[in-house]
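Per chain, numbering begins at 1; letters A, B, ... match sequence-line order.
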2 protein chains.
Amino acid sequence: MSKVSLTKISEILGMSKSTVSKALNNYADVSPGTRKKVQDLANELNYKPNIFAQNLRSQESKIIGLLMPEIVHYFFSTIISGVAETAEKYGYSVIVAQTKDDYKNEIKQLELLLDKNVDGILLSLADDTIHFNHVKDVINQGVPFVLFDRTSKLIDCNKVVIDDVKAAQMATQHLIDIGCKKIAIIRNQLKSQGTIDRHKGFKKALLENGMVYDKSIDFEGRDFSFSAGKIAGNKICESHKDVDGIFALTDLMAIGALEALKEHNVAVPDQVSVIGFSNWFLTQITTPHLSTVDQPGFEIGKAAFNLLYQEIQNKKNNVKEASKTIVIPTTVISRDSTK
Amino acid sequence: MSKVSLTKISEILGMSKSTVSKALNNYADVSPGTRKKVQDLANELNYKPNIFAQNLRSQESKIIGLLMPEIVHYFFSTIISGVAETAEKYGYSVIVAQTKDDYKNEIKQLELLLDKNVDGILLSLADDTIHFNHVKDVINQGVPFVLFDRTSKLIDCNKVVIDDVKAAQMATQHLIDIGCKKIAIIRNQLKSQGTIDRHKGFKKALLENGMVYDKSIDFEGRDFSFSAGKIAGNKICESHKDVDGIFALTDLMAIGALEALKEHNVAVPDQVSVIGFSNWFLTQITTPHLSTVDQPGFEIGKAAFNLLYQEIQNKKNNVKEASKTIVIPTTVISRDSTK
DNA sequence: GTGAAAGCGCTAACAT
DNA sequence: ATGTTAGCGCTTTCAC
């Protein structure tokens, strides 16, 4: 690597290491002449400070850890992108890791990140994480820590989320606004907070518009996949011909429903309007293009890093702040599947 | 962080730091009794070695850098996943960064990675990178370095690629095998090596089957997007009704073409068969499901890390090896858009 | 304005 | 089997 050390420069110049260090770091108490001499030589020799030594002194790495359920996942990849780009502005790099939605793995990955002495951690909880001691341990160790997207009320820390209730309510309201009278919902089991909240928002919208929530057109899939959506779509086509609007809790489910409707020759949006959730890339290339709720991953990632950065600063300055939760706004994106 | 240092343990136990260090690292020349005493106390105090100190001593970080054109990109995200999972097995973590397909940014990101003293770098070249001094500099500095997917013959280093010629040839052969007589190709400009090679493979397949390459049904889009594919698809429907097979160099283009065919009421695969390239997730949820060429990102990432790891070992042991190029096999995936 | 010296926490060559 | 010592490369008092 860079063989030129501070010591080497100091020897060549016949000065002490400390003077060289100060000159390089633009300290005030170095004469302009000395400073110039040092900096010129440093440039000439292409001097790069040894980060390992700096890290040891400062006890910080300028690296943060980003841990989430899946890497191969449109939404989470937009988060990586948002975190990485924001981190870069502050001189931080990002180690990326995934839990594969597995609790045990989450514990392990968290451990690995700590072992690398990251300056802070960003985490989106695994689906099956219901105990939080591993997370609380990290926080109690004083490691700057922010939860994003999949969070838990049982953990006291900074968080970045969207308002699922409101987002789902707006999506449903959109269907109502364009004239839907009989709206079905396609969802997965009411387990994760996100699903629960979206379901809540759906019912809230119906209620506020004087519509009844009809349990028979509330479809629960075994997951939130394309095929779960298709199965529900098929049921709608076969047994609930009066349905004129579908709210699917994920884009994948919505696209599955779209396919079922197509196969039953039900026109979208003329007979049935469909709206999804997340604004994945693929919603722009379905036929018809899918209306959805934009869940801005890049913004969430950006906000999460900023919050973490604030925590890192606070830690350095020994200030304690109460935990906050930042809510990133979502918007309904109206495309060709609703009208 | 962990306040328990080696020194602290040695003081408590009244031994020297070196003995404690040896005991902890299971050196042979420590008495079993001592070893146990040390390890027990270390466990009790939850001792974690300070990585910064270890890094400084060993001059290695056990972190590698992964730099690629885009993070929000199905194929590249599978690569991240493959790299991260493989790296973990060897105790390495992965810093992820993107160039946004910009040459200047590639230089900058490479610099940032070096500044973090990563033990090695994995790079997939930006589209508009035509000078390679920044890359050669890294290699000449002795930093373990592997190029993957988007590589260049002008750089001498280890590489992981697919055989684009062969893959395209197989895709075309698949169309021929199912009876296509008039095959159009949809591509972007013949700039990147990947595009050039796929184009070559296409023509090779035609030639080997005694078919003529017809320039009038070789469609060049301005990029490799959905809309570029759709534009080409429209032209085919309007002016080349005898086309019965389409090979699109990317899945996105293929899906665009699919949409055009649909709008012109051309039946797929009955009238026209369509095959894409890459096996992005979304090919599984189009109607009809898209046949494609699997470009296994996870495997590529895995191979790239393994190669890099080998280089890291070689560097430690002062052995030099000639550069190799690993070719990851691709397969044609036949779905509903070809028959 | 400059330099000497200590120390961050660890490992390893070299005694003993 | 254990301890001494030096050193990785940097920053930061503190003295001059």
Side-chain angles (χ1 to χ4, degrees), chain A residues 1-39 41-42 45-63 91 114-119 315-316, chain B residues 1-39 41-42 45-63 91 114-119 141 315-317:
Chain A
M1 229 63 95
S2 58
K3 298 288 306 172
V4 223
S5 67
L6 246 195
T7 314
K8 196 153 186 175
I9 293 188
S10 74
E11 280 166 0
I12 296 179
L13 257 32
M15 318 184 190
S16 73
K17 294 194 294 181
S18 35
T19 307
V20 175
S21 171
K22 286 173 190 167
L24 253 16
N25 293 300
N26 278 316
Y27 276 51
D29 57 350
V30 184
S31 75
T34 310
R35 184 194 318 278
K36 183 159 175 17
K37 249 190 289 185
V38 171
Q39 293 186 341
L41 183 62
L45 299 180
N46 192 27
Y47 166 76
K48 306 267 182 204
N50 184 307
I51 303 293
F52 296 137
Q54 287 182 326
N55 287 348
L56 177 59
R57 280 251 27 175
S58 64
Q59 292 297 332
E60 60 175 17
S61 59
K62 292 273 188 175
I63 296 174
L114 291 177
D115 282 351
K116 285 288 190 301
N117 271 13
V118 291
D119 290 347
K315 185 182 177 186
K316 281 193 204 171
Chain B
M1 229 62 94
S2 58
K3 300 289 305 171
V4 223
S5 67
L6 248 196
T7 315
K8 197 153 187 174
I9 294 189
S10 75
E11 281 166 0
I12 297 178
L13 257 35
M15 316 184 192
S16 75
K17 293 193 297 179
S18 41
T19 307
V20 175
S21 171
K22 287 173 191 169
L24 253 16
N25 293 299
N26 278 315
Y27 276 49
D29 56 351
V30 184
S31 77
T34 310
R35 184 194 318 277
K36 184 160 177 11
K37 246 191 289 183
V38 171
Q39 293 185 344
L41 183 62
L45 299 180
N46 191 27
Y47 166 77
K48 306 266 183 206
N50 184 308
I51 302 295
F52 297 137
Q54 287 183 325
N55 287 349
L56 177 59
R57 279 253 26 178
S58 63
Q59 292 297 333
E60 61 176 16
S61 58
K62 291 273 187 177
I63 295 175
L114 291 178
D115 283 352
K116 285 288 191 301
N117 273 12
V118 291
D119 290 348
Q141 275 176 53
K315 185 181 176 186
K316 280 193 203 170
N317 304 325

### Task
Grab the NZ-P distance between B:K48 and C:dC8 for me, whole Å please.
22 Å
### Task
Please check the phosphate of D:dT11 (OP1 and OP2 only) for any side-chain N or O of A:N25 closer than 4.0 Å.
yes
### Query
Nearest-Å distance, NZ (A:K17) to C1' (C:dG7)?
11 Å
### Message
Set out, in order, the CA-CA distance, both residues' side-chain angles and the distance that settles side chain to side chain contact (heavy atoms under 4.5 Å, CB included) for A:Y47 and A:L41, then state yes or no.
### Response
CA-CA 8 Å; A:Y47 166 76; A:L41 183 62; over 6 Å; no
### Task
May I ask you to verify if any side-chain N or O of A:Y47 is less than 4.0 angstrom from the OP1 or OP2 atom of D:dG9?
no
### Query
Within less than 4.0 Å of OP1 or OP2 of C:dC10, is there a side-chain N or O belonging to B:S21?
no
#### Entry: Greater than 12 external heavy atoms within 6.0 Å of B:K37's NZ
no
#### Entry: Nearest non-hydrogen partners of A:T19 and A:S16, listed with the distance
OG1-OG, 3.0 Å
### Task
Would you kindly give the CZ-to-P distance between A:R57 and C:dC10, to the nearest whole Å?
16 Å
### Query
Rounding to a whole Å, what distance do you find between A:N117:CG and C:dC10:C1'?
13 Å
### Task
For A:K36, check salt bridge (Lys or Arg N to Asp or Glu O under 4.0 Å) against everything at least two apart and list the hits.
A:D40
### Task
Nearest whole angstrom, please: distance from the C1' of C:dG7 to the CG of A:N55.
16 Å
### Query
Taking only N and O in the side chain of A:Y27, is any of them less than 4.0 Å away from OP1 or OP2 of C:dG1?
no
### Query
Between atom CD in A:Q59 and atom P in D:dT12, what is the gap in whole Å?
13 Å
N/O to N/O distances under 3.5 Å, protein versus nucleotides 1-3 of chain D:
residue	atom	partner	partner atom	Å
D:dT2	OP1	B:S31	OG	3.4
D:dT2	OP1	B:T34	OG1	2.8
D:dT2	OP2	B:S31	N	3.0
D:dT2	OP2	B:S31	OG	3.0
D:dT2	OP2	B:T34	OG1	2.8
D:dG3	OP2	B:S16	N	3.1
D:dG3	OP2	B:T19	OG1	2.9
D:dG3	N7	B:S18	OG	3.4
D:dG3	O6	B:K22	NZ	2.6

### Query
Quick one: is B:Q54 getting a side-chain N or O under 4.0 Å of the C:dT11 phosphate, OP1 or OP2?
yes
#### Entry: A:N55 side chain reached by A:E60 side chain, heavy atoms, under 4.5 Å
no
### Query
When the distance from CG of A:L13 to C1' of C:dT2 is rounded to whole Å, what number comes out?
13 Å
### Task
Taking the side chain as every heavy atom from C-beta outward, state whether B:Q59 and A:N50 have any atom pair closer than 4.5 Å.
yes
### Query
With a 4.5 Å limit on heavy-atom distance, are the side chains of A:K116 and A:I63 in contact?
no
### Summary
Whole-Å distance, A:L6 CG to D:dG7 C1', equals 15 Å
